[in-house]
Amino acid sequence: MNDPNIPIPFFAPDIGQEEIDEVIDSMTQGWITTGKKTKRFEADFAAYLGGGMECVAVNSATAGLHLALEAMGVGPGDEVIVPDYTFTASAEVIRYLGADPVFVDIDKQTLNVTPQAIEEKITPRTKVIMVVHFAGLSADMTGILALAQKHSLKTIEDAAHALPTTHRGTKIGALKSDAAVFSFYATKTITTGEGGMIATRNPQLAARCKVMRLHGIDRDTFDRYVDNKVNWKYDVVAPGYKYNMTDIAASLGIQQLKKADRFQRRRQEIADRYNELLTGLPLILPVDATNGDMHSWHLYVIRVTKDAPLNRDQLLEALSAKGISCSVHFIPLHRLKYWRETYGLTKQEFPNAEDVFSGCLSLPHFSKMSDDQVERVAAALKELLS
Ligand SMILES: *Cc1c(COP(=O)(O)O)cnc(C)c1O
């Protein structure tokens, strides 16, 4: 690991023998698509969030966001407020339903949206506020939930980065928003390869998501009226989707979830070490959570300042030449062709996102990273920026 010639990847999943054994168990039993393991993963996840939640497993966070918005009744003519500084999936699901995203700029320090910036975008058409907890730092959910209540709006959290994250001592996923959706994509804080989870306190919303994740088949209501032993019968109540999670993926999830806290502690250690080693360089370092709250540290995003000897693109290239892979989160949506052209977005409307994007760089940051690798990344930055 200390060999300076071995490249440092941007990310590597942390998968152990437990995950492998659990997957083999599913394959040996012969039940590989949605079944017992998926149910168990949903129950484990609800318990992990602290109880009182209903969890619905799906095959991606994108699918989960789509289902949750559908269950909230979002449709043509509605507006959903969404951060400009996010992954395109946050906004695309709004378009799936024929509704319109309304993009809001972020705060330059937290890289999250604020209640003040959201409030300016509320119109009579607004139906839902979507929040993204960027990099795993909670947005001001207290303020945002109060704002939603004041205007009778629904809230959905794109919690793709936020496991485990807390807001005022409560885990993201257990707050009073209408739904929170987690991602288990290959590079997220826990992974099932592809996968997602909807968490909600609303049983009707959970029930609708369960029906719509599998073709709109409503087995439960049908079963109430027929002989319980007859299980080939079902009814279809809507043209649903094919968004169910497989038991193979759930097997990974069951074991990864048990390690979520340990993974976070290691990422916290790495973030703390980076903060220490990178102090004094022409960089803006990411802020931690305050008041004892937990930052999931899904991403460690630095920002190259204007007086640095290299700009972001040059620094990314130079690090890559040293075998250090970095990434950029995110290209703001207003810079992407579809969003820019469809909604006539300009750079002037998003000064903070523009400023952050111009210098941001996500460093290698994953639980399996060794201390030596962290030191190598920091040493390379020191050499290039001094
Ligand atoms: C990764 C990501 C998603 C999409 O997650 P999938 O599980 O790949 O669908 C959505 N929003 C944000 C902010 C993400 O980073």
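Numbering of ligands and ligand atoms starts at 1, following listing order. Index from 1, following the sequence. Computed from a prediction, not measured in an experiment: that's the story for all the values here. In what follows, every heavy atom counts, from backbone to side chain, and hydrogens, waters and symmetry copies are set aside.
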Could you check whether Glu22 pairs with Lys258 (Lys NZ or Arg NE/NH1/NH2 to Asp/Glu carboxylate O, under 4.0 Å)?
no

So the atoms of ligand 1 within less than 4.0 Å of a heavy atom of Ser90 turn out to be 11 (N)

of all protein heavy atoms, closest to atom 10 (C) of ligand 1 is Asp158 OD2, 3.5 Å

Given the options Ile248, Asp247, Ile32, Val23 meets side chain to side chain contact (heavy atoms under 4.5 Å, CB included) only with Ile248

### Message
If only side-chain N and O atoms count, and only distance matters, is there a donor-acceptor pair under 3.5 Å linking His295 with Asp288?
### Response
no

Q. Which of parallel (below 30°), tilted (30 to 60°) and perpendicular (above 60°) describes Trp339 and Phe103?
A. perpendicular

In ligand 1, the atoms that come under 4.0 Å of a heavy atom of Thr86 are 13 (C)

Item to check | Check ion pair Asp100-Arg125 (N to O, under 4.0 angstrom) | outcome: yes

- Message: Looking at ligand 1, would Ala63 count as a contact under a 4.0 Å heavy-atom criterion?
- Response: no

Please say whether Tyr185 places an N or O atom under 3.5 Å from an N or O atom belonging to ligand 1.
no

ask   = So, Thr166 side chain and Met294 main chain: donor-acceptor pair closer than 3.5 Å or not?
value = yes

Under 4.0 Å between heavy atoms, the region of Ser60 that gets near ligand 1 turns out to be both

State whether Lys108 and Asp355 are salt-bridged, where the test is any N-O pair (Lys NZ or Arg NE/NH1/NH2 against Asp/Glu carboxylate O) under 4.0 Å. yes

Checking heavy atoms under 4.0 Å, the part of Thr62 that sits near ligand 1 is both

So the atoms of ligand 1 within less than 4.0 Å of a heavy atom of Ser183 turn out to be 5 (O), 6 (P), 7 (O)

Among Lys188, Met197, Glu194, His161, the residue with a heavy atom nearest to atom 2 (C) of ligand 1 is Lys188

Got an N/O contact under 3.5 Å between Ala160 and ligand 1?
no

Numbered in order shown, the ligand 1 atoms found under 4.0 Å of a heavy atom of Gly195 are 7 (O)

_Using a 6.0 Å distance limit plus a 45 degree cone around the ring axis, check whether Arg312 lies over the aromatic ring of Phe357._
yes

